[in-house]
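Below is one structure, written out as structure tokens; the observations come after it.
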Amino acid sequence: MKKLLFLLFLLPTFSFSQAKVDTIEVFSKAMDKTLKAAVTVPSGYDNSQESYPVLYLLHGGSGAFSDWHQKVTEPGLVNRLADQYDLIIVTPGVGPSSYYFDSPLMDSVQYETYMTTELIPFIDSNYKTLAQKESRAITGLSMGGHGSIYLSAKHPELFVAAGSMSGVMNIDTRMWKVPEGFSTLRTSQQKEMLGDINYDAPNFNPFTAVAYTDKMKENGIALIIDCGVDDFLIATNRQMHQLLLENETPHDYTERPGAHTWVYWTEALPFHLLYIDKYLKRN
């Protein structure tokens, strides 16, 4: 891919520990717009000749690329984990309710293409990465959990492991324990992006993560999924877990006390790194 498709701006750096965070801007040719991301490199990165594995850490609906740095209840958590596991952590920014898919109706919502054919090649071209699936993983919270499971299922050539924290495992808002107004809003946004789609099992539409359980079995990607028992998305996570049990797809599934909060996600992320690190190759 031609590097002319991308722009890189090293903006003011912020840091909570010895790990360094670059705020970058990446131009998406697919959407004709520029998107921000934060790239956290471990403390030894600048003086090392080594290349590093990469974790893509996704934000939730109405979130931003900086959420994992600014909203966690343990300041500097991402920096600490980058140092602890000696890896690069990328937190991309995407549209507020885009679910990380490509809309068949809106040119401005092409985030599957952005993530898989624009952002990842850009990171591999501009940072010292181990540019191979065996050294690349993805996880995220809420909408980002959907993005992680969805993208990894559709693009198994890119990731060795994938995770979801409080993820939207099914975009069918009838399964969400939310006020009617919020459900109606999200459903109307989905219709604007996707048109009329089928929400019902077993023939799920191709824009929801639960539609890809057979692909997950086939792909053999390491999967970690967790959700708080008081989370409004718990039913969608239980549905995903049950479907994976039924088709005998290996996966790590946990329900813990907690709700759809940054307290929960701050506690969940270290568990995801502990799990994912077992699968990341460093050569």
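- Note: Phe101 and Phe207 have perpendicular aromatic rings, judged against thresholds of 30 and 60 degrees for the angle between ring planes.
- Residues Glu134 and Leu280 fail the side-chain proximity criterion, which asks for heavy atoms closer than 4.5 Å.
- Here the side chains of Asn198 and Asn203 are in contact, with some heavy-atom distance below 4.5 Å.
- Judged purely by atom type and a 3.5 angstrom limit, Tyr99 has no side-chain atom pairing as donor or acceptor with the backbone of Ala209.
- In the hydrophobic clustering of ILVMFWY residues, with side-chain heavy atoms under 4.5 Å counting as a link, Ile88 and Leu130 come out apart.
- Considering all non-hydrogen atoms of both residues, Ala161 and Tyr279 come closest at CB-CB, 4.5 Å.
- Separating the OG1 atom in Thr139 from the OH atom in Tyr275 is a distance of 11.0 Å, to the nearest 0.5 Å.
- Heavy atoms from other residues, nucleotides or ligands lying under 6.0 Å from NZ of Lys281 number 12 at most.
- No side-chain donor from either of Gln110 and Thr113 sits under 3.5 Å from a side-chain acceptor of the other.
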Open item on the list: Set out, in order, the CA-CA distance, both residues' side-chain angles and the distance that settles side-chain contact (heavy atoms from CB on, under 4.5 Å) for Leu81 and Leu55, then state yes or no.
Closed with: CA-CA 11 Å; Leu81 292 172; Leu55 173 68; over 6 Å; no
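- Residue Gly195 comes nearest to Leu105 through the heavy atom pair N-CD1, 3.4 Å, listed as atom of the first residue, atom of the second, then distance.
- When all heavy atoms of Leu233 and Ser142 are compared, the pair lying nearest together is CD1-OG, 4.0 Å.
- In this structure, Lys128 contributes its side chain and Ser48 its backbone to a donor-acceptor pair below 3.5 Å.
- Asp124 places a side-chain heavy atom less than 4.5 Å from the side chain of Arg136.
- Under 3.5 Å, the side chains of Asp231 and His260 contain a donor-acceptor pair of N or O atoms.
- Taking the side-chain contact (heavy atoms from CB on, under 4.5 Å) definition, one finds that His241 meets it with Leu245, His251, Tyr253, sequence neighbours left out.
- Atom CZ of Phe271 sits in a sparse spot, with 12 or fewer heavy atoms from other residues, nucleotides or ligands closer than 6.0 Å.
- If you check the side chains of Ser28 and Glu118, you find a donor sitting under 3.5 Å from an acceptor.
- The shortest side-chain heavy-atom distance between Thr208 and Met169 does not fall under the 4.5 Å cut-off.
- Between the side chain of Lys33 and the backbone N or O of Ser108 there is at least one donor-acceptor pair closer than 3.5 Å.
- What you find for Gln18 and Ser43 is that their closest heavy atoms are CB-CB, 3.4 Å.
- Heavy-atom minimum distance, Pro270 versus Thr266: CD-O, 3.1 Å.
- Annotation for Glu248: atom CD does not count as buried by contact number, only 12 or fewer foreign heavy atoms lying within 6.0 Å.
- Going from atom CH2 of Trp68 over to atom OG1 of Thr91 covers 10.0 Å, rounded to the nearest 0.5 Å.
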Open item on the list: One pair to check against side-chain contact (heavy atoms from CB on, under 4.5 Å): His69 and Asn79. What are the steps and the verdict?
Closed with: CA-CA 8 Å; His69 291 277; Asn79 304 55; 3.6 Å; yes
Task: side-chain contact (heavy atoms from CB on, under 4.5 Å) assessment of Met165 paired with Leu57 - done: CA-CA 11 Å; Met165 295 165 259; Leu57 180 57; 4.2 Å; yes
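- Between Thr23 and Phe65, the closest side-chain pair of non-hydrogen atoms falls below 4.5 Å.
- Gln190 contributes a side-chain N or O that, together with a main-chain N or O of Ile171, makes up a donor-acceptor pair within less than 3.5 Å.
- A 6.0 Å sphere centred on CG of Asp252 holds more than 12 heavy atoms belonging to other residues, nucleotides or ligands.
- Once rounded to the nearest 0.5 Å, the distance linking NE2 of His272 with OG1 of Thr254 reads 8.0 Å.
- No side-chain heavy atom of Lys36 sits less than 4.5 Å from a side-chain heavy atom of Ile24.
- To the nearest 0.5 Å, atoms NZ (Lys71) and OG (Ser66) are separated by 7.5 Å.
- In this structure, Ile221 and Ala162 approach most closely via the heavy-atom pair CG2-N, 3.9 Å.
- Annotation: side chain of Val210 is in contact with side chain of Gln239 (closest heavy-atom distance under 4.5 Å).
- Asp277 contributes no side-chain N or O that, together with a main-chain N or O of Leu273, makes up a donor-acceptor pair within less than 3.5 Å.
- In this structure, Asp67 contributes its side chain and Ala64 its backbone to a donor-acceptor pair below 3.5 Å.
- No continuous path of ILVMFWY side-chain contacts below 4.5 Å connects Val109 to Leu185, so the two sit in separate hydrophobic clusters.
- Between the side chain of Arg282 and the main chain of Asp86, a donor-acceptor pair closer than 3.5 Å is present.
- Judged by distance alone, the side chain of Thr187 and the main-chain N or O of Thr184 form no donor-acceptor pair under 3.5 Å.
- Looking at Asn237, its side chain does come within 3.5 Å of a backbone N or O of Gly167 through a donor-acceptor pair.
- Between Trp176 and Thr236, the side chains place no donor N or O within less than 3.5 Å of an acceptor N or O (distance only, hydrogens not considered).
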TODO: Might you work through the salt bridge (charged side-chain N to carboxylate O under 4.0 Å, His left out) test for Arg238 and Glu255, ending with a clear yes or no?
DONE: CA-CA 9 Å; Arg238 289 172 176 168; Glu255 292 183 10; 2.8 Å; yes
- [ ] Assess whether salt bridge (charged side-chain N to carboxylate O under 4.0 Å, His left out) is satisfied between Arg80 and Glu74, documenting all intermediate values.
- [x] CA-CA 10 Å; Arg80 177 175 70 78; Glu74 179 190 329; 2.8 Å; yes
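- Taking the six-membered ring for Trp and thresholds of 30 and 60 degrees, Tyr45 and Tyr127 have ring planes inclined between 30 and 60 degrees apart.
- Two residues are said to be in side-chain contact when any heavy atoms from C-beta on lie closer than 4.5 Å; Thr213 and Thr249 fail this criterion.
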Task: Step-by-step side-chain contact (heavy atoms from CB on, under 4.5 Å) determination, Met240 to Ile225 - done: CA-CA 9 Å; Met240 174 67 85; Ile225 298 169; 3.9 Å; yes
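- Counted by atom type alone, Ser51 and Thr129 present zero donor-acceptor pairs between their side chains at under 3.5 Å.
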Exercise answer: donor-acceptor pairs, residues 148-160 side-chain atoms, under 3.5 Å, sequence neighbours excluded:
unit_1: Ser148; atom_1: OG; unit_2: Ile138; atom_2: O; d: 2.9
unit_1: Ser148; atom_1: OG; unit_2: Gly163; atom_2: N; d: 3.3
unit_1: Ser148; atom_1: OG; unit_2: Gly163; atom_2: O; d: 2.8
unit_1: Ser152; atom_1: OG; unit_2: Ser148; atom_2: O; d: 2.8
unit_1: Ser152; atom_1: OG; unit_2: Ile149; atom_2: O; d: 3.1
unit_1: Lys154; atom_1: NZ; unit_2: Glu112; atom_2: OE1; d: 3.2
unit_1: Lys154; atom_1: NZ; unit_2: Glu112; atom_2: OE2; d: 3.4
unit_1: His155; atom_1: ND1; unit_2: Glu157; atom_2: OE2; d: 3.4
unit_1: His155; atom_1: NE2; unit_2: Glu112; atom_2: OE2; d: 2.7

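- Atom NZ of Lys191 has 12 or fewer neighbouring heavy atoms from other residues, nucleotides or ligands inside a 6.0 Å radius.
- Distance check: Asp226 CG to Tyr264 OH gives 3.5 Å after rounding to the nearest 0.5 Å.
- Here the OH atom belonging to Tyr111 is positioned 12.5 Å from the CG atom belonging to Leu119, to the nearest 0.5 angstrom.
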TODO: Begin from the C-alpha positions of Ser183 and Glu180 and carry the test side chain to side chain donor-acceptor pair (under 3.5 Å) through to its verdict.
DONE: CA-CA 5 Å; Ser183 176; Glu180 183 177 351; over 6 Å; no
